[in-house]
Amino acid sequence: MAEPSMTLEIFRYRPEVEQEPTFQSYTVPYREDWVVLDALNYLKDQVDGTLSYRWSCRMGVCGSCGMMVNGTPKLTCAAFLKDYYPAPVRVEPLANFPVERDLVINMDDFMHKLREVKPWIIREQEKPVSAGEYLQTPTELASYKQFSMCINCMLCYAACPVYGMTQDFLGPAAIALAHRYNLDSRDQGQALRKDVVFSHEAIWECTFVGECSVVCPKDVDPAGAIQQEKVAGAIDLVKSVLIPWGSR
Amino acid sequence: MREPYRRPMSPTWWLNKRNYLLFMLRELTVIFIAAFLVLYLVQLARLAQGAETYAAFLRQRSSFGWILFHILALIAALYHSITWFNLLPQVMVVHRGEERVPPVFIAGSNYVVWLAISVVIAWIVLRS
């Protein structure tokens, strides 16, 4: 009996060959335990070495293999063929980003925005190492832990129509990470982040479509993080009007 | 060779996914709600102009078109309220110690308050 197979329709864009992207169909063996990334690796190794895409860990940790699978942003290492079989699967690069080649997007914009929110612990005054760790209770950890699970896979940007239309939008993951550090009891950097986070291009651009949280493979809930920062931003605004002499 | 390709965003993007469509419907409900509020202000103005003007206004409002509009506005207002009520747990996260208060309690509190306010209004309206 012939081995079962299925079709992958893959977005191809080779700037030295074509000006417009095309779709190329490939047949891959169907295996129940294969994910879309396994099928791509099979194609790259056995069928067409020119196919370009990013991947690394194969287990939903590195955040490299995000692509559009049938129009939905997915980690291809977690998108099982059996969930689509026998229908053909369409694989495209993450939406809303410029495409460098085939399934590889240009992530410069995201990397720039990520740096802008200073996603690290900021202290007004660092204490020397000899003074010991910055301690934290389990309750304090619980307040931000969910937002610290982000793996920077950019699926949320691909799901966000606001980012698709307004490239200036700071975007879900960057705001979620700003929120993660703002909530951290060890951090004192909220005032340094607020010019970026409380701006029109950041929290106030979000219309709460909510799809970023639906596609997030780590249940970070970036949409929730943005709304929570809106509350913080509104309180900050009211405070600055009522207590203009306040330190910040 | 580098020539990054930007894919255009379709003007019908919101038809491509159920969640996008539901979001767009939620946004559009405000048109009905805003229209209803404007009409309500007109109604108050007519009431201030005396009983005769107001009676004529009510007769005009009992036409099929106006009733249809009010039914649509009611559906829009319900959809608007329910979808926003259900989004509240994402905006308001309450922790009790290390445990997060279940989202259903946060969303549920909206409905309890809604019911309580409705009972009070019904009591005021129906007591006479």
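The chains referred to below are lettered A, B, ... by the order of the sequence lines, with proteins before strands, and numbering in each begins at 1. Everything quoted here is computed from the prediction, not taken from an experiment.
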Contacting moiety of Arg101(A), where chain B heavy atoms sit under 4.5 Å | side chain
If you check every heavy atom in residues 57-93 of chain B against those of chain A, which residues fall under 4.5 Å?
-> Trp84(B), Leu87(B), Gln90(B), Val91(B), Val93(B)
Under 4.5 Å from a heavy atom of chain B, the part of Val209(A) involved | both
Between Glu27(B) and Thr207(A), the two heavy atoms sitting closest are OE2-O, 4.3 Å
Gln167(A) versus chain B, the contacting section by heavy-atom distance below 4.5 Å = side chain
Interface residue of largest heavy-atom contact number with chain B, from Ser213(A), Ala225(A), Gly224(A), under 4.5 Å = Gly224(A)
Report the C-alpha distance between Tyr13(A) and Glu3(B) in whole Å, list the side-chain angles of each, state the deciding distance to 0.1 Å, and finish with yes or no for side chain to side chain donor-acceptor pair (under 3.5 Å).
-> CA-CA 10 Å; Tyr13(A) 173 61; Glu3(B) 193 75 49; 5.9 Å; no
Please round to the nearest 0.5 Å and tell me the distance separating atom CZ of Arg100(B) and atom OG of Ser143(A).
-> 12.0 Å
Look at Ala95(A), Gly210(A), Pro161(A) and state which one has the largest set of heavy-atom pairs under 4.5 Å with chain B.
-> Pro161(A)
With a 4.5 angstrom heavy-atom cut-off, which part of Glu16(A) approaches chain B: side chain, backbone, both or neither?
-> both
Whatever's closer than 4.5 Å to a heavy atom in chain B on Leu141(A) counts as neither
Heavy-atom pair count under 4.5 Å with chain A, highest-scoring of Arg7(B), Glu99(B), Arg96(B) = Arg7(B)
Roughly how far, to the nearest 0.5 Å, is CZ of Arg6(B) from CZ of Phe97(A)?
-> 9.0 Å
Tell me, yes or no, whether the heavy-atom count around Phe105(B) atom CZ, taken from other residues, nucleotides or ligands under 6.0 Å, exceeds 12.
-> no
For the residue pair Tyr20(B) and Ala159(A), what are the closest heavy atoms and their distance?
-> OH-O, 2.5 Å
Under 4.5 Å, counting heavy-atom pairs only, tell me which of Gln227(A), Glu140(A), Gln228(A) racks up the most with chain B.
-> Gln228(A)
Between the side chains of Glu100(A) and Tyr5(B), is a donor N or O closer than 3.5 angstrom to an acceptor N or O?
-> no
Atom group of Gln146(A) that falls short of 4.5 Å from chain B, counting heavy atoms | side chain
Near Met111(A) CE, under 6.0 Å, is it more than 12 heavy atoms from other residues, nucleotides or ligands?
-> no
What residues of residues 10-19 of chain B sit under 4.5 Å from chain A when only non-hydrogen atoms are counted?
-> Trp13(B), Lys17(B), Asn19(B)
Top contributor to chain B contacts, counting heavy-atom pairs under 4.5 Å, from Thr139(A), Val104(A), Thr137(A) = Thr139(A)
